2 protein chains.
Amino acid sequence: MGPLFDQVEQDDMCGKDNWEQAESALQKQAADKAIEKGGLRKTDLRYLFAGDLLGQLIATSFGTVDLEVPLFGLYGACSTMGEALSLGAMAVNAGYANQVLAMASSHFATAEKEFRFPLAYGNQRPMSATWTVTGAGCVALAGDRKEGLAKITGITTGRMVDMGTKDSMNMGAAMAPAAFHTIEQNLEDFQVNETWYDKIITGDLGEIGRTILLDFMKNKGRDLSELHMDCGMEIYDKEQQDTHAGGSGCGCSAVTLCSYILPKIQDGTWKRVLFVPTGALLSNISFNEGQSIPGIAHAVVIEHIDG
Amino acid sequence: MGPLFDQVEQDDMCGKDNWEQAESALQKQAADKAIEKGGLRKTDLRYLFAGDLLGQLIATSFGTVDLEVPLFGLYGACSTMGEALSLGAMAVNAGYANQVLAMASSHFATAEKEFRFPLAYGNQRPMSATWTVTGAGCVALAGDRKEGLAKITGITTGRMVDMGTKDSMNMGAAMAPAAFHTIEQNLEDFQVNETWYDKIITGDLGEIGRTILLDFMKNKGRDLSELHMDCGMEIYDKEQQDTHAGGSGCGCSAVTLCSYILPKIQDGTWKRVLFVPTGALLSNISFNEGQSIPGIAHAVVIEHIDG
């Protein structure tokens, strides 16, 4: 997917002193790029809906302070891009804002440090583990519909689903039940079946989470094997990159949306997509205190705009 | 203020195994109380807008999972109650939801551990430090206006303001410029002057932050000395509780709003209040890496409903 990105960094520090500042730099780049590509002006942006995985959202705080845009800080773990798009679309659709940004980021090194082990420890990773994506994606949402762009036509906001999973090295298993719940709720609310969508795209279930999701769906009589795609399985080349079950992190679904999914909706390859970023709600404290890992998934319906 | 609270815990662990679970228990109690007092049913709640100070919002995740309500997880540091009320009111006003909850919590022990020192270390605190409030406040927002209740009639969402403050033991100084900016923006946007409000109430500036805010306002020709109130200065008894500059934490403005401010608006003592929770955007990582502490403040206009 490399050639699809607007900008690729060669330095995982982005020239900064530490990884957190590097992740902030990614957010800044992504926001600037969205403003540039959308032909927007910073002063016209009414709100910024953004978040990341770090405690107290420091990647977002320091990455967006220079934008000088009113900020709604969001945390939905790796589902944050779905939360940001949902609230952004709600604000624009209601007429509260004409232009807003929705953004999320993650960084492999900041996330490992935050959730698992110091990188220098060099721990081994089970095959169920995913590899946090280093990247940021930013979408500009505006009230005027233009040919060649895409539109958000619905949302289904997830509730937490806790099936008692406790393995932070198998987040696909923690998130799959939430993805299942949100997708089922979406189909029920909109009174459609799964084939109403050209693609149903989850955030970062990875291989194991996808298997669980497809099993759950099969029990409901739905065959998602062709319809379903997972950003975590698309983003890395399994053979060459040795990333085990796939990619993860807020940045995973955000960069896959911006680089791969949106262009396919814009050019009409896919007319209607259900985009379902998925999050695993844990911290190192909750993990160390023996808590389970509830999942959450926020769905956004994104459609092609016909000419 | 003790007698004003709906419920007072005698045990700072709420009978749980650790402080994080105790904070979750406070959120659960607050949500249940709001549902009970509002005569609502869980199944009628369309969205929950909630957050806390902890990394990855674990107090919120584990405190609200049993509600089974679609969750928008929010982080605005101690301004979170303002963010939750703003987004909740936006959703209800647009017709996206008829009933939602807005909630925030903090706990002295979880916050000290998260941001400063282990409690067992017994560090001394400078007089500029504030004492994190252990408490949760939850507001039910609904589309139908009833006499004897209060209504949200406007919001001014804050942007980050970074004046280079780096002292995590003086958060009032970090947040006061953001409070100033948001209040000025509100007065400008609504084309009113400060006397349009019966009270302008900040979240947790404390004594030092209040002094800075009043100074900044004075430079603009505004005398806020009588109009201004700060939840952080109201919540504790300075003489008897030895809490230095005041109270802080998401819970500070949330519990002061629910127990003290809203009843005064409901009974008409105050006809129109500008409620401005204030947040300091730092984490232990950003602090240890030498970053500054940007402030943010989200203002909500709350008015008395006449008979």
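Predicted model only: the values in this text are computed from it and were never measured. In what follows, every chain begins at residue 1, and chains take the letters A, B, ... in the order their sequences are listed.
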Quick check: closest heavy atoms across [X] and [Y], and the distance to 0.1 Å?
X        : Y        : result
A:Gly203 : A:Ser253 : CA-CB, 3.9 Å
A:Ala34  : A:Leu101 : CB-CD2, 4.3 Å
A:Cys252 : A:Asp204 : SG-CB, 4.1 Å
B:Ala30  : B:Cys138 : O-CB, 3.5 Å

Report task. Before giving the answer on side-chain contact (heavy atoms from CB on, under 4.5 Å), spell out for B:Leu85 and B:Ile155 the whole-Å C-alpha distance, their side-chain angles and the decisive distance to 0.1 Å. Result -> CA-CA 9 Å; B:Leu85 289 170; B:Ile155 66 166; over 6 Å; no

Mark yes or no for whether [X], through its side chain, and [Y], through its backbone, hold a donor-acceptor pair below 3.5 Å.
X        : Y        : result
B:Glu114 : B:Gly55  : yes
B:Glu83  : A:Gly73  : yes
A:Tyr75  : B:Leu57  : no
A:Asp52  : A:Ser105 : no

Please determine, among [options], the option with the most heavy-atom pairs under 4.5 Å with chain A.
options                              : answer
B:Thr80, B:Asn93, B:Asp162, B:Thr156 : B:Asn93
B:Pro70, B:Ser286, B:Gly51           : B:Pro70
B:Gly158, B:Ala94, B:Gly279          : B:Gly158
B:Thr60, B:Ile285, B:Thr110          : B:Ile285
B:Leu67, B:Asp66, B:Asn284, B:Leu282 : B:Leu282

Side-chain heavy-atom pair [X], [Y] within 4.5 angstrom cut-off:
X        : Y        : value
B:Thr278 : B:Ser79  : no
B:Val92  : B:Val100 : yes
B:Arg41  : B:Gln99  : no
B:Phe115 : B:Leu53  : yes
B:Ser61  : A:Met160 : yes
A:Thr64  : A:Met103 : yes

Any chance you could measure [X], atom [atom1], to [Y], atom [atom2], to the nearest 0.5 Å?
X        : Y        : atom1 : atom2 : value
A:Ser106 : A:Gln27  : OG    : CD    : 10.0 Å
B:Tyr96  : B:Met90  : OH    : CE    : 8.5 Å
B:Leu141 : B:Lys151 : CG    : NZ    : 14.5 Å

Report task. Mind running side-chain contact (heavy atoms from CB on, under 4.5 Å) on B:Leu87 and B:Phe72 for me, showing each step along the way? Result -> CA-CA 9 Å; B:Leu87 289 168; B:Phe72 287 112; 6.0 Å; no

Query - Positions in residues 42-50 of chain B that reach chain A, provided some heavy atom is under 4.5 Å away - result: B:Tyr47, B:Phe49

Query raised in the report: How about residues 289-302 of chain B versus chain A: which residues have heavy atoms under 4.5 Å apart?
Result: B:Glu289, B:Gln291, B:Ser292, B:Pro294, B:Ile296, B:His298

**Report entry** Structural part of B:Val65 lying under 4.5 Å from a heavy atom of chain A
**Finding:** both

**Report entry** Heavy-atom pair count under 4.5 Å with chain B, highest-scoring of A:Leu54, A:Ile58, A:Thr157
**Finding:** A:Thr157

Report task. Give the C-alpha distance, both sets of side-chain angles, the deciding distance and a yes or no for side-chain contact (heavy atoms from CB on, under 4.5 Å) between B:Arg159 and A:Leu71. Result -> CA-CA 5 Å; B:Arg159 65 174 178 84; A:Leu71 168 70; 5.9 Å; no

Report summary line: By residue number, those in residues 177-190 of chain A with heavy atoms under 4.5 Å from heavy atoms of chain B are none

Requested in this report: Could you list which of residues 13-24 of chain A have a heavy atom closer than 4.5 Å to any heavy atom of chain B, in residue-number order?
Outcome: A:Asn18, A:Glu20, A:Gln21

